Every structure is written in structure tokens, then in C-alpha cells.
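What you see is a predicted model; the values in this text were computed from it and never measured. In what follows, residues are counted from 1 in the order of the sequence shown.
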Amino acid sequence: MNSISPLRLVFAVLLIVGGAVLATQISALLLQIVIMTAFGVLALVITALEEREPPPPDLSVIERERQRIFDQGKAEAYQQIIDPISDPILIVRNAKVTTANPAAKNFLGSHIIGEDVRIAIRHPAAADRLANPNAKHTGKPILLVGVGSAGQRWELRIHTLADGLKLVQLSDQSSHYAAERMRTDFVANASHELRTPLAAVKGFIETLENPEAGKDDETRARFLKIMYQEADRMQRLVEDLMSLSRIEAEKHQLPSEPVNLANLISDVKDVFLNGRNKEEGDFIISAPKNLPVIQGDYAQLSQLLHNLVTNAFKYGRPGTPVTVAVEPNRDGSMLRLSVSDQGEGIATEHLHRLTERFYRVDKGRSKSIGGTGLGLAIVKHITERHGGRMEITSKKGVGTTVTIFLPVIK
């Protein structure tokens, strides 16, 4: 039998006393008896109620709530640390994403919070290491190909934190791998471009060493002419490679020499008229008077214009002129320098690749007219060094225009 708590006993006595006091205020005897009986019964009921002990607390619920509050506090602390980082960062517990920085939400989606990390980052190379709570993580990167877009390459690193948490970091290495691939392709292409004429020269030398071939004046003259052409081609290629290397080495040094583009265009025209067997009508210049001065490297800008005009003459139809035009843009902040030919034009699918090193639309024709495949790559790098931009437009059967925008001195 349960004992009566002191509070209940006091409450029962107060009910009885209150009933007696209330009854004395009523003159009718029967009503007095009813009131006192009712209050007495209520007092007995209160005292007779079984004293129930409160149920014992559910320790698992308390532990889960404690862990939730703890994780929330940890998450808020880590959130302040990882939010400013530009790489996607996830905080994971028991293979579930507890928090993520804005970069991760933008890349993987905001729904990843509370999601299985293997669903958030769908890649077989990372699944086991992400889900295994006992895995030891040294921070060694895992290469992920195909996460995001097909061409992207990511490095995933997992760092073990305190309290069973893991930090998952994704670093976009696409540009690094692209640069490495470009370097490899460049070495391979340069080696191929040099090896081809070198092999031809070597073959002709071996042929001329034969006494019978060496005595034939016509054969010897023809072979020597080809050898000279191939040697000249190698020399142009080496010069372009060295030029490209110098420009890349100086790409972070802004040129500071004031350059008048009208004078530069006139100088380049004189070179073509006097040394390239061109006539006055082959070179059309369109330039207003009093052009603003740009800040640049005169020698590099001269090389840029020489390359563009040379290409225009090479790929334009015989007997058609090359037009060089320069004018300020709409707000006067840049000069628009364009070189146009009247040639066969270039298909649209090739335009975005024309500035790649050694890229040629027609390899056979380019080599036959002495092209190295580096001319527009050099133009692009000179333009970028001067803080400008380059555009190429073309129409089949009409011709091609290369436009360079260069900032003026303010």
C-alpha cells in the first residue's frame, strides 16, 4: 500500500474544513449535510488515489537527444570554418552528411544534408572509404573522374576529426590536368613537327652520298632545294617556339610603352610592300585620324600584326587584298584592330580551336604554304599579355576576320 503524501493530506483537510465553513453559512439542515458529505467524499477520494511513481526516463532517447545537440553544436562550429573555403567540403558522421559549405551545396545540391554520403558523391572509387567508419584516412587523394561533368577531374581527401566526424574535401583539378595534357601534347607535336623535316633532310643527304645521284646535277639541285625548304621550315618552327616561350615568360609583366597603332600598321605595310613583293592595292588600311595611344610592347604588337597579315595573304584568294582596320570601340576604352581576308573561309566548328598550338584546319595546305601552326597561338598570348581579347569570325566563301581589342591609355 502506498503512503499518502503530505501534500495530499493537507489538501484533504482543507477540503473538509472548507466544507464545514460553507455549511455553517446555510440555514437548511439538509443542505448542510449534503455539502459536508460531498466535501468529505472528495477528500477521501484524493487521499485514496494511488501514488504513481513517474516512469523511468528512456536513456536511449536522452542519449540521442544529447548527441543531436552535441552534433548541432559541432556542426555550427565547423560551419563557420568551412563556409569561406572555395572547395566543396562535407562533414560526415556514420556515412551521413551532417553539414556542408556553400561550395558543396552548389556543386552537389542543397539536398545532401542528412543524405548518405555515397549518394551525395556517386563514385565507386570513393564509396567504400566514405562509408567505412573504421577506415584509416591519411589525407591521400582519390582521383574521381566523371563527378559533375564528364571532363572534370576531382581529388577527394578524407580527414578524420574528433568525435567520429570526418571531413570530406573535393578539389577541382581539371585545369591542372588540362594544362598537363596540353604540355604533353605540345612536346609530342613539337617533336613531330621537327622530326618530319629532319627526316627528309637526312634522307636526301643519304641519297646525295650515292655517287650516281651526286653526279646528276638536276637531281642534286632538286634535292638541295627541298633540303633548304625543310631546313627553313625547321628554323621558322624553332623561332616560333622560342618566341612563344618568351611571350609566356613575360605574360605577367604588363607592357608600359606608348604605342601608336596607326604608325605600327604603316610600318608593317612597308615591310610587306618592300620585302614581300606586294603592291599598294594588296594592303588596304582603314584608320581614323587622331587615334588614342595604347600601352604596349611595340615589338610584340608588330609580331602580332605580321602574323595576322601573313595568314590573311596565305589563306586569301590570289589577287584579293587584305584589309587592316582600326577604330575605337563604342565607349572609347579600347581600340578594335581587325585583319580581314577574302578567302574560302573557315567552318564554324574549327573557329574555337584555331588558337591551339599546332592546330590546323587543313594540315596539308598549311604545311605546303609554310605554316608552323603557332601563328595564332602567338597572337593570342600577345593579346592576353596586353590585357586585350581576341575574336575570330568567318563565313564560308567570303573570308575570315581576326579582331583584337586593346585597351587605350587613360
Just wondering, do Asn311 and Val379 contact through their side chains at under 4.5 Å, heavy atoms? no
Residues in salt bridge (Lys or Arg N to Asp or Glu O under 4.0 Å) with Arg246, at least two apart? none
With sequence neighbours left out, the residues meeting side chain to side chain contact (heavy atoms under 4.5 Å, CB included) with Leu351 are Ile346, Leu354, Ile392, Ser394
Applying ring-ring contact (aromatic ring centres under 6.0 Å, His included) to Phe204 and not counting sequence neighbours gives Phe223
For residues 333-342, which residue pairs pass the side-chain hydrogen bond (donor to acceptor under 3.5 Å, both in side chains) check, not counting sequence neighbours? Asn329-Ser333, Asp331-Ser333, Ser340-Thr401
Apply salt bridge (Lys or Arg N to Asp or Glu O under 4.0 Å) to Lys269 and list each qualifying residue two or more places apart in sequence or on a separate chain. Glu280
Who are the ring-ring contact (aromatic ring centres under 6.0 Å, His included) partners of Phe313, not counting sequence neighbours? Phe272
Give a yes or no on whether a salt bridge exists between Asp240 and Arg236, defined as a side-chain N under 4.0 angstrom from a carboxylate O. no
Check whether any side-chain heavy atom of Val322 lies under 4.5 Å from a side-chain heavy atom of Phe283, and answer yes or no. no
Going by side chain to side chain contact (heavy atoms under 4.5 Å, CB included), name the residues that satisfy it together with Val408, two or more places apart in sequence or in a different chain. Pro292, Ile294, Leu335
Cut-off 3.5 Å, no hydrogens considered: what does the side-chain donor-acceptor table look like for residues 113-120, sequence neighbours left out?
residue, atom, partner, partner atom, Å
Asp116, OD1, Arg118, N, 2.8
Asp116, OD1, Arg118, NE, 3.2
Asp116, OD2, Arg118, NH2, 3.0

For the backbone of Ile89 and the side chain of Asn101, can you confirm whether one donor and one acceptor N or O come within less than 3.5 Å of each other? yes
Assess the residue pair Tyr298 and Asp267 against the criterion (side chain to side chain donor-acceptor pair (under 3.5 Å)); give the C-alpha distance rounded to whole Å, side-chain angles, the decisive distance to 0.1 Å, and a yes or no. CA-CA 11 Å; Tyr298 189 91; Asp267 291 344; 2.4 Å; yes
Pairing residues for Glu155 by the salt bridge (Lys or Arg N to Asp or Glu O under 4.0 Å) criterion, not counting sequence neighbours: Arg157
For the residue pair Ser256 / Gln295, report whether a side-chain donor-acceptor contact shorter than 3.5 Å exists. no
Output all residues satisfying side chain to side chain contact (heavy atoms under 4.5 Å, CB included) with Asn290, sequence neighbours left out; order by chain, then residue number. none
Keeping Arg153 on the side-chain end and Gln173 on the backbone end, is there a donor-acceptor pair under 3.5 Å? no
Salt bridge (Lys or Arg N to Asp or Glu O under 4.0 Å) involving Glu250 - partner list, sequence neighbours excluded: Arg385
For the residue pair Thr403 and Thr393, establish whether any side-chain heavy-atom pair is separated by less than 4.5 Å. no
Report yes or no: does His386 contribute a side-chain atom to a donor-acceptor pair with the main-chain N or O of Asp297 at less than 3.5 Å? yes
Set of side chain to side chain contact (heavy atoms under 4.5 Å, CB included) partners for Arg389, sequence neighbours left out: Glu391, Phe405
